Q: 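I am attaching a structure below and will ask some questions about it afterwards.
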Amino acid sequence: MKIIMLGAPGAGKGTQAEMLAEKYDIPHVSTGDIFRMNIKNGTELGMEAKTYMDKGLLVPDELTVRILLDRVAKDDCKKGYILDGFPRNIPQANVLEEALSKLGDKIDYAINVEVPDENIIRRMGGRRACVACGATYHIENVPPKKEGICDKCGQELILRDDDKPETVGNRLQVYKDQTQPLIDFYSTKGVLHNVDGTKDMKEVFETIVAILG
Ligand code: ADP
Ligand code: AMP
(Lines give C-alpha, C1' and ligand atoms only; values in the text may rest on other atoms or scores of the structure.)
(Ligands and ions follow the chains in the order given, each with its own letter.)
Protein backbone atom coordinates (compact mmCIF):
# COMPACT_ATOMS: atom_id res chain seq x y z
CA MET A 1 0.00 0.00 0.00
CA LYS A 2 1.46 3.36 -1.07
CA ILE A 3 -0.09 6.42 0.52
CA ILE A 4 0.55 10.15 0.12
CA MET A 5 -0.44 12.56 2.88
CA LEU A 6 -1.51 15.94 1.48
CA GLY A 7 -2.40 19.09 3.39
CA ALA A 8 -1.02 22.42 4.55
CA PRO A 9 2.02 22.53 6.82
CA GLY A 10 0.72 21.87 10.34
CA ALA A 11 -2.46 20.11 9.19
CA GLY A 12 -1.49 16.93 11.04
CA LYS A 13 0.02 14.84 8.21
CA GLY A 14 2.99 13.70 10.27
CA THR A 15 0.83 12.88 13.30
CA GLN A 16 -1.47 10.70 11.20
CA ALA A 17 1.39 9.17 9.19
CA GLU A 18 3.06 7.99 12.43
CA MET A 19 -0.16 6.30 13.60
CA LEU A 20 -0.80 4.74 10.19
CA ALA A 21 2.79 3.48 9.94
CA GLU A 22 2.34 1.65 13.22
CA LYS A 23 -1.05 0.18 12.31
CA TYR A 24 -0.10 -1.02 8.82
CA ASP A 25 3.55 -1.76 9.65
CA ILE A 26 4.97 0.25 6.75
CA PRO A 27 7.52 3.10 6.96
CA HIS A 28 6.59 6.76 7.46
CA VAL A 29 8.78 8.64 4.99
CA SER A 30 9.00 12.37 5.71
CA THR A 31 11.34 14.45 3.54
CA GLY A 32 11.19 17.19 6.23
CA ASP A 33 12.41 14.69 8.86
CA ILE A 34 15.21 13.52 6.55
CA PHE A 35 16.35 17.14 6.07
CA ARG A 36 16.12 17.89 9.81
CA MET A 37 18.17 14.79 10.64
CA ASN A 38 20.80 15.93 8.12
CA ILE A 39 20.85 19.41 9.66
CA LYS A 40 21.30 17.90 13.14
CA ASN A 41 24.18 15.74 11.86
CA GLY A 42 25.77 18.72 10.07
CA THR A 43 25.88 17.08 6.63
CA GLU A 44 26.40 19.06 3.43
CA LEU A 45 22.85 18.18 2.32
CA GLY A 46 21.52 19.46 5.66
CA MET A 47 23.41 22.74 5.42
CA GLU A 48 22.11 23.36 1.92
CA ALA A 49 18.51 22.39 2.78
CA LYS A 50 18.55 24.65 5.86
CA THR A 51 19.06 27.81 3.79
CA TYR A 52 15.70 27.16 2.09
CA MET A 53 13.84 25.69 5.08
CA ASP A 54 14.61 28.67 7.35
CA LYS A 55 12.97 30.97 4.79
CA GLY A 56 9.91 28.73 4.46
CA LEU A 57 10.86 27.90 0.85
CA LEU A 58 10.95 24.51 -0.83
CA VAL A 59 14.31 22.79 -1.08
CA PRO A 60 15.21 22.49 -4.82
CA ASP A 61 13.74 19.45 -6.59
CA GLU A 62 17.19 18.08 -7.65
CA LEU A 63 18.08 17.50 -3.98
CA THR A 64 14.66 16.45 -2.72
CA VAL A 65 13.79 13.99 -5.48
CA ARG A 66 17.12 12.19 -5.12
CA ILE A 67 16.81 11.65 -1.38
CA LEU A 68 13.19 10.51 -1.71
CA LEU A 69 13.89 8.02 -4.50
CA ASP A 70 16.89 6.62 -2.57
CA ARG A 71 14.73 6.23 0.54
CA VAL A 72 11.82 4.41 -1.12
CA ALA A 73 14.24 2.06 -2.91
CA LYS A 74 15.26 0.61 0.47
CA ASP A 75 14.09 -2.87 1.46
CA ASP A 76 11.72 -1.74 4.20
CA CYS A 77 9.65 0.13 1.57
CA LYS A 78 8.99 -3.00 -0.52
CA LYS A 79 5.57 -3.64 1.03
CA GLY A 80 4.55 0.00 0.86
CA TYR A 81 5.07 3.36 2.59
CA ILE A 82 3.42 6.58 3.69
CA LEU A 83 4.83 9.74 2.13
CA ASP A 84 4.54 12.87 4.27
CA GLY A 85 5.72 16.14 2.74
CA PHE A 86 6.46 14.65 -0.68
CA PRO A 87 5.47 15.44 -3.39
CA ARG A 88 5.31 19.16 -2.70
CA ASN A 89 4.77 20.35 -6.30
CA ILE A 90 3.62 18.97 -9.67
CA PRO A 91 7.15 18.26 -11.03
CA GLN A 92 7.89 16.10 -7.93
CA ALA A 93 4.58 14.26 -8.41
CA ASN A 94 5.47 13.56 -12.05
CA VAL A 95 8.93 12.21 -11.13
CA LEU A 96 7.36 9.93 -8.52
CA GLU A 97 4.72 8.70 -10.94
CA GLU A 98 7.36 7.92 -13.60
CA ALA A 99 9.62 6.13 -11.12
CA LEU A 100 6.70 4.00 -9.90
CA SER A 101 5.37 3.25 -13.36
CA LYS A 102 8.81 1.89 -14.37
CA LEU A 103 8.24 -0.68 -11.61
CA GLY A 104 4.65 -1.32 -12.78
CA ASP A 105 3.45 0.40 -9.63
CA LYS A 106 1.40 3.44 -8.55
CA ILE A 107 0.14 5.47 -5.60
CA ASP A 108 -2.96 3.85 -4.07
CA TYR A 109 -4.28 6.67 -1.88
CA ALA A 110 -3.75 10.43 -1.54
CA ILE A 111 -5.23 11.54 1.78
CA ASN A 112 -5.84 15.29 1.94
CA VAL A 113 -6.04 16.52 5.54
CA GLU A 114 -8.12 19.72 5.43
CA VAL A 115 -7.60 22.37 8.13
CA PRO A 116 -8.35 26.11 7.84
CA ASP A 117 -5.50 28.66 8.17
CA GLU A 118 -6.52 29.88 11.69
CA ASN A 119 -6.10 26.38 13.13
CA ILE A 120 -2.86 25.88 11.21
CA ILE A 121 -1.25 28.94 12.79
CA ARG A 122 -2.17 27.72 16.31
CA ARG A 123 -0.94 24.22 15.56
CA MET A 124 2.44 25.32 14.21
CA GLY A 125 3.01 27.80 17.07
CA GLY A 126 2.46 25.06 19.68
CA ARG A 127 4.23 22.25 17.82
CA ARG A 128 7.25 20.66 19.46
CA ALA A 129 9.32 18.18 17.49
CA CYS A 130 11.76 15.41 18.30
CA VAL A 131 14.54 15.51 15.72
CA ALA A 132 15.91 12.18 16.95
CA CYS A 133 12.84 10.03 16.18
CA GLY A 134 10.46 12.35 14.27
CA ALA A 135 7.70 12.32 16.93
CA THR A 136 5.51 15.44 17.11
CA TYR A 137 3.76 17.02 20.08
CA HIS A 138 1.68 20.12 20.77
CA ILE A 139 2.03 22.10 23.99
CA GLU A 140 -1.78 22.14 24.49
CA ASN A 141 -3.31 19.47 22.24
CA VAL A 142 -0.72 16.68 22.49
CA PRO A 143 1.63 17.47 25.39
CA PRO A 144 4.51 15.10 26.17
CA LYS A 145 4.38 13.38 29.58
CA LYS A 146 7.45 15.37 30.71
CA GLU A 147 7.71 18.93 29.39
CA GLY A 148 10.32 19.32 26.65
CA ILE A 149 11.19 15.59 26.50
CA CYS A 150 10.12 13.04 23.86
CA ASP A 151 7.92 10.25 25.32
CA LYS A 152 9.20 7.80 22.72
CA CYS A 153 12.98 8.24 22.83
CA GLY A 154 13.76 10.59 25.76
CA GLN A 155 15.49 13.23 23.61
CA GLU A 156 14.90 16.97 23.94
CA LEU A 157 12.00 18.52 21.99
CA ILE A 158 12.54 21.64 19.88
CA LEU A 159 10.46 24.48 18.46
CA ARG A 160 11.32 24.18 14.76
CA ASP A 161 13.00 27.31 13.33
CA ASP A 162 10.47 27.25 10.49
CA ASP A 163 7.51 27.19 12.94
CA LYS A 164 8.39 30.69 14.18
CA PRO A 165 5.68 33.25 13.28
CA GLU A 166 7.83 35.10 10.74
CA THR A 167 8.20 31.94 8.61
CA VAL A 168 4.72 30.43 8.96
CA GLY A 169 3.05 32.95 6.59
CA ASN A 170 5.61 32.19 3.88
CA ARG A 171 5.11 28.45 4.24
CA LEU A 172 1.35 28.80 3.86
CA GLN A 173 1.83 30.90 0.73
CA VAL A 174 4.27 28.36 -0.75
CA TYR A 175 1.73 25.64 0.06
CA LYS A 176 -1.06 27.49 -1.76
CA ASP A 177 1.06 28.32 -4.81
CA GLN A 178 2.94 25.05 -5.28
CA THR A 179 1.45 22.20 -3.25
CA GLN A 180 -2.33 22.75 -3.37
CA PRO A 181 -2.46 21.99 -7.14
CA LEU A 182 -1.63 18.38 -6.17
CA ILE A 183 -5.19 18.02 -4.86
CA ASP A 184 -6.52 18.29 -8.43
CA PHE A 185 -3.62 16.19 -9.75
CA TYR A 186 -4.52 13.22 -7.52
CA SER A 187 -8.25 13.78 -7.88
CA THR A 188 -7.82 13.32 -11.64
CA LYS A 189 -5.98 10.05 -10.95
CA GLY A 190 -8.99 8.86 -8.90
CA VAL A 191 -7.02 8.32 -5.65
CA LEU A 192 -7.88 11.49 -3.69
CA HIS A 193 -9.78 11.35 -0.37
CA ASN A 194 -10.53 14.51 1.64
CA VAL A 195 -10.55 14.24 5.42
CA ASP A 196 -11.66 16.85 7.99
CA GLY A 197 -8.43 17.49 9.91
CA THR A 198 -10.01 19.83 12.50
CA LYS A 199 -11.34 16.84 14.43
CA ASP A 200 -9.57 15.17 17.34
CA MET A 201 -6.53 13.19 16.10
CA LYS A 202 -8.10 9.81 16.96
CA GLU A 203 -11.24 10.68 14.99
CA VAL A 204 -9.12 11.79 12.00
CA PHE A 205 -7.21 8.52 12.26
CA GLU A 206 -10.39 6.41 12.30
CA THR A 207 -11.70 8.25 9.23
CA ILE A 208 -8.48 7.52 7.33
CA VAL A 209 -8.45 3.86 8.41
CA ALA A 210 -12.04 3.51 7.12
CA ILE A 211 -10.87 4.84 3.73
CA LEU A 212 -7.87 2.50 3.56
CA GLY A 213 -9.99 -0.48 4.55
P1 ADP B 1 2.22 18.36 9.51
O2 ADP B 1 2.99 17.07 9.49
O3 ADP B 1 1.05 18.34 8.59
O4 ADP B 1 3.08 19.57 9.33
P5 ADP B 1 1.90 17.75 12.36
O6 ADP B 1 1.44 16.33 12.33
O7 ADP B 1 3.29 18.02 12.78
O8 ADP B 1 1.57 18.48 10.96
O9 ADP B 1 0.86 18.53 13.31
C10 ADP B 1 1.01 19.94 13.56
C11 ADP B 1 0.72 20.23 15.04
O12 ADP B 1 -0.66 20.01 15.31
C13 ADP B 1 1.50 19.33 16.01
O14 ADP B 1 1.85 20.12 17.14
C15 ADP B 1 0.49 18.23 16.37
O16 ADP B 1 0.75 17.71 17.66
C17 ADP B 1 -0.84 18.98 16.31
N18 ADP B 1 -1.96 18.16 15.84
C19 ADP B 1 -1.93 17.19 14.88
N20 ADP B 1 -3.16 16.67 14.65
C21 ADP B 1 -4.01 17.35 15.48
C22 ADP B 1 -5.43 17.29 15.73
N23 ADP B 1 -6.22 16.44 15.05
N24 ADP B 1 -5.94 18.14 16.64
C25 ADP B 1 -5.14 19.01 17.30
N26 ADP B 1 -3.81 19.12 17.14
C27 ADP B 1 -3.24 18.31 16.24
P1 AMP C 1 7.86 19.53 6.65
O2 AMP C 1 8.58 18.82 7.74
O3 AMP C 1 7.16 18.60 5.69
O4 AMP C 1 6.95 20.63 7.18
O5 AMP C 1 8.98 20.25 5.77
C6 AMP C 1 9.82 21.26 6.33
C7 AMP C 1 10.57 21.97 5.22
O8 AMP C 1 11.45 21.03 4.55
C9 AMP C 1 9.72 22.58 4.11
O10 AMP C 1 9.22 23.86 4.44
C11 AMP C 1 10.74 22.63 2.96
O12 AMP C 1 11.65 23.69 3.10
C13 AMP C 1 11.51 21.32 3.16
N14 AMP C 1 10.86 20.20 2.42
C15 AMP C 1 10.29 19.08 2.96
N16 AMP C 1 9.80 18.28 1.99
C17 AMP C 1 10.07 18.91 0.81
C18 AMP C 1 9.80 18.61 -0.56
N19 AMP C 1 9.15 17.50 -0.92
N20 AMP C 1 10.22 19.50 -1.50
C21 AMP C 1 10.88 20.61 -1.16
N22 AMP C 1 11.14 20.97 0.11
C23 AMP C 1 10.75 20.13 1.08
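Because the structure is a prediction, the values reported are computed rather than measured. Excluded from the calculations below are hydrogen atoms, water molecules and symmetry mates; all remaining heavy atoms, backbone and side chain alike, are included. Just follow the structure's listing: the first ligand is 1, and inside any ligand the first atom is 1.
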Q: For atom 11 (C) of ligand 2, which of Asp163, Leu57, Ile34, Thr64 has the closest heavy atom?
A: Leu57
Q: When you compare ligand 2 with Arg36, is there at least one nitrogen or oxygen pair between them that comes in under 3.5 angstrom?
A: yes
Q: Under 4.0 Å, heavy atoms only, figure out whether ligand 1 is touched by the backbone of Asp200, its side chain, both or neither.
A: backbone
Q: Taking distance alone, with no angle check, do Leu58 and ligand 2 share an N/O pair under 3.5 Å?
A: no
Q: List ligand 2 atoms under 4.0 Å from Asp162, heavy atoms only on the residue side.
A: 6 (C), 7 (C)
Q: Checking the N or O distance criterion of under 3.5 Å, is ligand 2 in contact with Gln92?
A: yes
Q: Could you measure the distance from the CG atom of Asp70 to the SG atom of Cys77? Nearest 0.5 Å is fine.
A: 11.0 Å
Q: Measuring from atom 9 (C) of ligand 2, which candidate in Met5, Arg88, Arg171 has the nearest non-hydrogen atom?
A: Arg88
Q: Taking atom 7 (C) of ligand 2 as the point of reference, which of Met124, Arg127, Met53 owns the nearest heavy atom?
A: Met53
Q: For atom 22 (N) of ligand 2, what is the nearest protein heavy atom, given as residue, atom name and distance?
A: Val59 N, 3.0 Å
Q: So which of Gln16, Met201, Arg123, Lys13 gets nearest to atom 3 (O) of ligand 1, if we judge by its closest heavy atom?
A: Lys13
Q: What are the atoms of ligand 2, with element, lying closer than 4.0 Å to any heavy atom of Gly85?
A: 16 (N), 17 (C), 18 (C), 19 (N)
Q: Who's the nearest protein heavy-atom neighbour of atom 23 (C) of ligand 2, and how far?
A: Phe35 CE1, 3.8 Å
Q: Between Met5 and ligand 1, which residue portion shows a heavy-atom distance shorter than 4.0 Å: side chain, backbone, both, or neither?
A: neither
Q: With heavy atoms of Gly14 as the reference, note each atom of ligand 1 found under 4.0 Å away.
A: 1 (P), 2 (O), 6 (O)
Q: Would Ser30 count as being in polar contact with ligand 2, using the rule that some N or O on each side must be under 3.5 angstrom apart?
A: no
Q: Check if Arg160 has a non-hydrogen atom at a distance under 4.0 Å from any atom of ligand 2.
A: yes
Q: Please classify the Ala129 to ligand 1 contact at 4.0 Å (heavy-atom distances, strictly less than): side chain, backbone, both or neither.
A: neither
Q: Name the closest protein heavy atom to atom 16 (N) of ligand 2, giving the residue it belongs to and the distance to 0.1 Å.
A: Thr31 OG1, 2.7 Å
